[in-house]
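As structure tokens, the structure follows; a few thoughts come after it.
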Amino acid sequence: MPKSKKDNSSKKNESTKINDLLPDIQSNEDELLTTNQGLKVNDDQNSLKAGSRGATLLEDFILREKITHFDHERIPERIVHARGTAAHGIFRLYKSLGDVTKAGFLNDTSIETPVFVRFSTVAGSRGSTDLARDVRGFAVKFYTQEGNFDLVGNNMPVFFIQDAIKFPDLIHAVKPEPHNEIPQAASAHETFWDFISLMPESTHMIMWLMSDRAIPRSYRMMEGFGVHTFRFINEKGDSNFVKFHWKPLLGVHSVAWDEAQNISGKDPDFHRRDLWEAIENGAFPEWELGVQIIPEADEHKFEFDLLDPTKLVPEELVPVQRIGKMTLNRNPENFFAETEQVAFHVGHVVPGIDFTNDPLLQGRLFSYTDTQLLRLGGPNFHEIPINRPVVPIHNNQRDGHMRQQINSGKVSYHPNTLGGGCPFQAGMKDGGFTSYAERIDAKKIRERSRSFFDHFSQATLFFNSQSQPEKDHIVDAFSFELGKVNTQEIRVRMLGILSLVDKSLASHVARKLGLNVPKPEMPINKSIPADGDPTEYESIIAKSSLEKSDALSMMGTKKDSIQTRCIAILVADGVNEMSVDAMTNALTEQGATYQLVAPHQGTVMSTNDKEIAIDQSFLTAASVLFDAVYVPGGTNSVVSLEAEPDAIHFINEAYKHCKAIAADADAMQVLKATYFSKKLPKDLKNRKKEEEGLIIENDIAVLTKSFIKAVAAHRFWHREKARKVPA
Ligand code: HDD
């Protein structure tokens, strides 16, 4: 685990949910081994046999129980979002939202609501890499005093499709291809792009997926979105539309695509480990909950339909109000019991929160319970400790597989007199949930609303809002993904669609694929309503009245903190310990962590003959697992590192991935052995304009200060232009 000089590891926090879980948490410490029936076991290492070499006896119930339980350990993984990790925490409200919602946890600022949050990738299996280019799931279960509220969102504010009925098609297209189950956790293949190129409504989401949002630096550094428009309902029964946002206090940051691919090999658990270690170190991740509130009267005020999940509401049009803070402060005790068995559902709402007619949301309202019935084996999954609410459950539902609750009495129906009419229907005054009485007067019809037609204006808005490096990354991502597609017609069709987003985007990608941009052809399928099908894209092209929206780019994100960033310090025997100490103290003061990486593990001797413990060797570490690199001084250490190819590769790769690199002036010769030696100042005294993010200083105070600023800046993307990188 990366070292942080602060010891924050004591993590006593008992929320109502943690207290609820405590009786179920079991430790084997100082206990005797037993069977599942409580029988003390003398030997579970040798089976019962006829003679020491003899056949094993059927009688051996200890063998049978142990093997049988093992044989049944696995449950089906989630059909999507199989790969994930989770943590406990709390949510605190800043100010009451009583005027718009009667939800208790959004009214009373003195309430601390326990939460359990699961982050995930979508396409990969349970054992796949964390760093796949993919959407990230961001599912939050609030254990409120009015029952569980689940905000089952993603780290992107829009979705691929407008109607849930297409979800199986989308997922079949993105999952590994069914004949050979290739590729794992990747959208860069034929079937995905075949589907997308025929699905113009996916264009906006595809822009997000091809952006760096799809390769986050950390779960702790990504935004979350409820995606759909929901409703807030207040005590008077008034409805307002609401969009939910999570804003990470560490800012929104991503890695480079080449880096992501390398991390997948070096540490496929990178995001999982990052979250776990931050919480163990006491560096609790935090997000503010934001809401965009839109009065009912404004429903049709926008250029897009609020019910269309492929559209976002630009923050310039409706500002995000930050209403509270979520802090993740405790790792689960057991992955399977908690992270694997947690069951989210968009339909888990509390009074004060209600649905809209977004057709994607409507379909989700069916799918989540249905999937848990299979995955968790029956209708009593709500009794699994991680899923049960912190308030009591009373109803007439009975029995089923693995029922835990022992319901007393003979009455399990309503109405009844034998049970005194219990449990009573809860009136409004008692906090009983009633659905919003939305007026509906419509024909039953299998059709898409015309207001869902504009598939490109927000895709263009997204592209226009990106900085140049972000645009370059999008071009690269499309070129990579389509470059993995063998069928020419699919590539060409996608180029046609991209030309409707931005002509230069399409032509840049076309050049990398060695193709020309075609005239886009409208697919003939049910994506377009039957009444007067447009046959030309031109007829449905709309333009957003916003030129750009700053919130859509990551460039303007917070860059004033190096909290929890992990720095590699490259050392060898003869390192100057003052140079190491000054830097580690400065980093620790800013809440960063570090690891000492050397040619070998164990210890190295400092210039003052002090033994310094090493965390990793060049064999076990890799630059892609760190945010920045520092090379301290010390003549012998510097000579060894300069001659160590792995050390030079480490620094070259950090440079290639645009990370901050600092060296004590004494260690300059190590950097001279890199491929970017030409960027180094010839003479430290008479420096001209320096390369950003490359810091070489004599004065340790100046060095640490400049380095901290550079690490906070995250990346120096201009370096990508050089592209001639041997790393
Ligand atoms: Fe879904 C899981 C988020 C559309 C059907 N979804 C799942 C998870 C997240 C989302 C974060 C993982 C929850 C966990 O950690 O256990 N899903 C979304 C978002 C969507 C969305 C933000 C669009 C706005 N999902 C969606 C549709 C359907 C589903 C349209 C089906 C019609 N989703 C499921 C599912 C899953 C699931 C099959 C798989 C495992 C589970 O539910 O518990 O029911």
Side-chain angles (χ1 to χ4, degrees), residues 75-88 115-126 130 134-141 148 150-175 199 201-202 204-205 208-209 213-214 216 219 222-230 243-246 271-272 275 306-312 328 332 335-348 355-377 381-382 384 386-387:
I75 61 170
E77 66 173 33
R78 290 168 173 82
I79 171 75
V80 282
H81 297 266
R83 169 80 185 172
T85 195
H88 291 276
V115 295
F116 189 66
V117 181
R118 184 171 178 275
F119 302 106
S120 47
T121 53
V122 178
S125 298
R126 235 187 104 178
D130 282 345
D134 201 350
V135 184
R136 297 301 185 284
F138 193 134
V140 181
K141 191 178 281 295
N148 291 348
D150 292 355
L151 188 51
V152 197
N154 280 339
N155 75 330
M156 298 178 189
V158 288
F159 203 64
F160 296 92
I161 45 172
Q162 293 173 324
D163 190 319
I165 200 164
K166 294 183 186 191
F167 191 67
D169 301 301
L170 166 73
I171 301 306
H172 287 171
V174 71
K175 280 272 183 183
M199 200 52 55
E201 73 204 55
S202 301
H204 186 195
M205 179 65 166
W208 284 81
L209 187 66
R213 300 270 182 160
Y219 287 136
M222 56 182 209
E223 288 179 300
F225 303 90
V227 181
H228 312 285
T229 303
F230 289 85
K243 289 265 187 194
F244 292 106
H245 297 244
W246 289 110
H271 283 154
R272 182 178 277 195
L275 182 69
L306 283 177
L307 303 186
D308 175 355
T310 67
K311 303 295 181 302
L312 50 83
L328 299 186
F335 187 93
F336 182 85
E338 298 172 79
T339 308
E340 197 55 19
Q341 293 198 108
V342 66
F344 292 93
H345 183 8
V346 263
H348 292 163
F355 316 116
T356 58
N357 295 332
D358 171 344
L360 191 74
L361 173 59
Q362 293 282 317
R364 290 180 78 191
L365 290 173
F366 164 73
S367 186
Y368 286 74
T369 306
D370 190 39
T371 206
Q372 314 306 352
L373 291 172
L374 173 75
R375 198 170 73 79
L376 300 170
F381 61 85
H382 62 280
I384 296 172
I386 195 65
N387 292 328

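Whatever order the structure lists them in is the order used to number ligands and atoms, beginning at 1.
In this structure, Ser120 OG and Asn154 CG are separated by 7.5 Å, a value rounded to the nearest 0.5 Å. The distance from the CG atom of Leu360 to the CD1 atom of Ile165 is 12.0 Å, given to the nearest 0.5 Å. Atom OG1 in Thr229 sits 5.0 Å away from atom CG in Leu306 (nearest 0.5 Å). Separating the CG atom in Leu151 from the CZ atom in Phe344 is a distance of 10.0 Å, to the nearest 0.5 Å.
With a heavy-atom cut-off of 4.0 Å, Val227 touches ligand 1 through its side chain alone. Contacts between Thr371 and ligand 1 below 4.0 angstrom, taking non-hydrogen atoms only, involve the side chain exclusively.
The cationic group of Lys243 does not satisfy the cation-pi geometry with Phe225, failing either the under 6.0 Å distance to the six-membered ring centre or the 45° limit from the ring axis.
The nearest protein atom to atom 7 (C) of ligand 1, hydrogens excluded, is given as His81 CD2, 3.2 Å; this is a heavy-atom distance. The nearest protein atom to atom 1 (Fe) of ligand 1, hydrogens excluded, is given as Tyr368 OH, 1.9 Å; this is a heavy-atom distance. At the shortest separation from atom 15 (O) of ligand 1 among protein heavy atoms lies Arg118 NH1, 2.7 Å. The protein heavy-atom contact nearest to atom 29 (C) of ligand 1 is Phe167 CE2, 3.3 Å. Counting only heavy atoms of the protein, atom 16 (O) of ligand 1 lies nearest to Arg78 NE, 2.8 Å. For atom 22 (C) of ligand 1, the closest non-hydrogen atom of the protein is Asn154 ND2, 3.2 Å. At the top of the distance list for atom 38 (C) of ligand 1, counting protein heavy atoms only, stands Ile79 CG2, 3.3 Å. Protein heavy atom in closest approach to atom 18 (C) of ligand 1: Arg364 NH2, 2.9 Å.
Side-chain N or O atoms of Lys141 include none that pairs as donor or acceptor with a backbone N or O of Val117 at under 3.5 Å. Judged by distance alone, the side chain of Glu77 and the main-chain N or O of Ala82 form no donor-acceptor pair under 3.5 Å. In this structure a side-chain-to-backbone donor-acceptor pair under 3.5 Å is present from Glu201 to Gln162.
Between Tyr219 and Phe119, the ring planes are parallel. Angles under 30° get that label, and only those over 60° would be called perpendicular.
At least one heavy atom of Phe138 sits under 4.0 Å from some atom of ligand 1. Heavy-atom separations between Gly153 and ligand 1 include at least one value shorter than 4.0 Å. Between Gln372 and ligand 1 there is a heavy-atom distance shorter than 4.0 Å.
With atom 13 (C) of ligand 1 as the reference point, the heavy atom nearest to it among Phe159, Phe160, Phe344 is part of Phe344.
Those atoms of ligand 1 with a heavy atom of Gly137 less than 4.0 angstrom away are 11 (C). For ligand 1, the atoms lying closer than 4.0 Å to a non-hydrogen atom of Leu360 are 23 (C), 24 (C), 30 (C). Each of the atoms 24 (C) of ligand 1 lies under 4.0 Å from some heavy atom of His228.
Here Ser367 fails the criterion, with no N, O or S atom under 2.8 Å of atom 1 (Fe) of ligand 1.
When every heavy atom of Asp358 is checked against every heavy atom of His228, the shortest pair comes out as OD2-ND1, 2.6 Å.
Of the listed residues (His245, Arg136, Arg213), just one forms a side chain to side chain donor-acceptor pair (under 3.5 Å) with Glu223, and that residue is Arg213.
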